[in-house]
Amino acid sequence: GSRNNEINYASIRNSIIGIQVDSVVTNDAPTLKITNSIIENCTAIALYAQGAHVVAENCVFANCEQVVLGLVIGGKYEFTHCTVGNFYDFAGGRSQPAVYVNNYYFDVFDNLNARDLEQADFKNCIIWGNSSDELYMDNTIDDQPINAGFAYHFDHCIIRTRELVDTLDTEHFSNILWNKDPRFVAPSSTGDANFQLDTLSRAKDAGWYPFAETVPLDLLGINRLEDAAPDLGAYERVEAATEE
């Protein structure tokens with residue numbers, strides 16, 4: 001019954017799995033709330049959640065050999081002003097998307113077990129990487145839907161994908177910038193990655209103000225409510241003042 005665990009202002013790097021959050025009965029209290037943190041350079045997964053309840057705000061999840069966010073076996077998830085980026089380029093690169101979500105698993109006897117995905121909300125977030133499909137929502141086996149809930153919604157986000165672009169699917173996607181490069185400053189996994197936005201980023205001023213009001217300061221403590229509109233992701237771009 002572990003619940004109400006909190007991680008704030010943490011840097012977790014160079015692990016196999018950055019954080020693993022398993023299925024527990026939490027009476028709707030979050031299993032984990034993680035804020036203002038960076039999890040990157042993992043040989044497997046940055047955040048591996050199995051039927052868990054996770055709230056994440058102002059976080060960077062990046063550069064993993066498998067997936068960056070593995071949200072599996074259902075659960076409940078809420079990501080606000082988070083940057084998910086995967087530019088992993090060691091050991092021949094990778095073949096999986098940055099974000100993988102499902103609502104089932106197979107037990108040791110190869111029996112299919114389904115579990116509701118109660119919520120997976122991404123608000124003012126960026127999902128990007130060096131592969132053409134960085135988001136995979138998986139609730140089918142042999143083209144048959146899993147008999148379990150699969151509730152998710154992406155609102156005011158940048159998403160890189162070829163497969164999921166459907167402007168008519170307003171139940172799951174609202175105000176999405178499909179395949180618009182956020183232009184990170186230095187996202188490569190071969191050096192010190194920097195997932196701040198450059199001056200030409202499409203993520204600038206693309207966020208929704210009510211979402212930003214719940215997380216008014218970015219990962220560096222910059223107020224994202226003081227210009228035209230909040231930027232997407234964990235970092236607010238502030239242009240240097242020009243001299244007259």
Side-chain angles (χ1 to χ4, degrees), residues 1-5 15-34 39 42-56 61 64-79 82 84 86 88 91-123 125 127 129 131-155 157 159-166 168-174 176:
S2 177
R3 58 186 181 272
N4 292 321
N5 300 287
S15 63
I16 298 174
I17 295 175
I19 300 175
Q20 182 166 331
V21 190
D22 282 324
S23 174
V24 293
V25 178
T26 62
N27 297 322
D28 206 41
T31 318
L32 171 67
K33 181 175 183 180
I34 179 168
I39 307 175
C42 305
T43 55
I45 304 172
L47 175 62
Y48 184 37
Q50 301 183 102
H53 183 180
V54 177
V55 175
F61 304 95
C64 301
E65 185 174 357
Q66 296 181 17
V67 302
V68 176
L69 298 183
L71 313 178
V72 300
I73 320 178
K76 190 172 183 179
Y77 308 99
E78 185 174 359
F79 292 82
C82 289
V84 182
N86 205 358
Y88 192 93
R94 60 189 173 92
S95 60
Q96 300 184 57
V99 177
Y100 174 77
V101 183
N102 83 1
N103 59 348
Y104 66 89
Y105 70 99
F106 289 94
D107 63 24
V108 294
F109 303 104
D110 206 32
N111 296 314
L112 175 65
N113 293 267
R115 186 177 296 169
D116 289 341
L117 179 68
E118 299 178 38
Q119 173 186 0
D121 289 344
F122 289 77
K123 299 177 289 188
C125 290
I127 299 172
S131 292
S132 55
D133 285 298
E134 295 293 5
L135 175 63
Y136 185 28
M137 309 299 294
D138 178 15
N139 72 325
T140 61
I141 297 291
D142 296 328
D143 295 324
Q144 297 299 312
I146 300 296
N147 186 25
F150 201 59
Y152 62 92
H153 192 238
F154 295 79
D155 197 341
C157 296
I159 301 174
R160 185 171 191 180
T161 178
R162 296 173 303 175
E163 301 296 328
L164 290 173
V165 178
D166 183 353
L168 300 180
D169 186 6
T170 56
E171 178 185 357
H172 295 123
F173 300 100
S174 303
I176 304 300

Taking the six-membered ring for Trp, are F173 and Y152 parallel (under 30°), tilted (30 to 60°) or perpendicular (over 60°)? perpendicular
If I take atom CG from residue N113 and atom CG from residue D107, how far apart are they, to the nearest 0.5 angstrom? 5.0 Å
For N147, look at atom CG and say whether over 12 heavy atoms of other residues, nucleotides or ligands are found less than 6.0 Å away. no
Considering all heavy atoms, the nearest A56-F61 contact: CB-CZ, 4.1 Å
T43 versus C64: any side-chain heavy-atom pair under 4.5 Å? no
Do I34 and I39 have side chains that approach each other closer than 4.5 Å (heavy atoms only, starting at C-beta)? yes
Flag side-chain contact, heavy atom, 4.5 Å: P97 against L135: no
Main chain of V84, side chain of N86: is a donor-acceptor contact present, judged purely on distance under 3.5 Å? no
What one should report as the nearest heavy-atom pair of N103 and A148 is ND2-O, 3.4 Å
Answer whether the closest heavy-atom distance between the side chains of L47 and F79 falls below 4.5 Å. yes
To the nearest 0.5 Å, how far apart are OG1 in T170 and CG in D155? 11.0 Å
State, yes or no, whether a side-chain contact exists between V67 and Y48 at a heavy-atom distance under 4.5 Å. no
Quiz question: by atom type and distance under 3.5 Å, do the side chains of Q119 and D121 form a donor-acceptor pair? yes
Assess whether atom CD1 of I16 is packed by more than 12 heavy atoms of other residues, nucleotides or ligands within 6.0 Å. no
Interatomic distance, K33 atom NZ to H53 atom NE2 [nearest 0.5 angstrom]: 10.5 Å
Testing the 3.5 Å rule here: is there a donor-acceptor pair between the side chains of D138 and Y104? yes
What is the distance from atom OH of Y105 to atom CG of L112, rounded to the nearest 0.5 Å? 9.5 Å
What are the two closest heavy atoms between Q66 and R94, and how far apart are they? O-CD, 4.4 Å
E134 side, atom CD; R162 side, atom CZ - distance, nearest 0.5 Å: 10.5 Å
N/O donor-acceptor pair under 3.5 Å between R160 side chain and S131 backbone: yes
Taking C-beta and beyond as the side chain, do F154 and M137 meet within less than 4.5 Å on heavy atoms? yes
When rounded to the nearest 0.5 angstrom, what is the spacing between CZ in R115 and CG in N102? 10.5 Å
Any donor-acceptor pair under 3.5 Å linking the side chain of N5 with the backbone of T31? yes
Would you sort out whether Q50 and Q20 count as a side chain to side chain contact (heavy atoms under 4.5 Å, CB included), showing the intermediate values? CA-CA 8 Å; Q50 301 183 102; Q20 182 166 331; 3.6 Å; yes
Minimum side-chain heavy-atom gap H153-K123 below 4.5 Å: no
Closest heavy-atom pair and its distance - P145, T140: CA-CG2, 3.9 Å
Is it true that a side-chain atom of Y77 and a backbone atom of A52 form a donor plus acceptor pair closer than 3.5 Å? yes
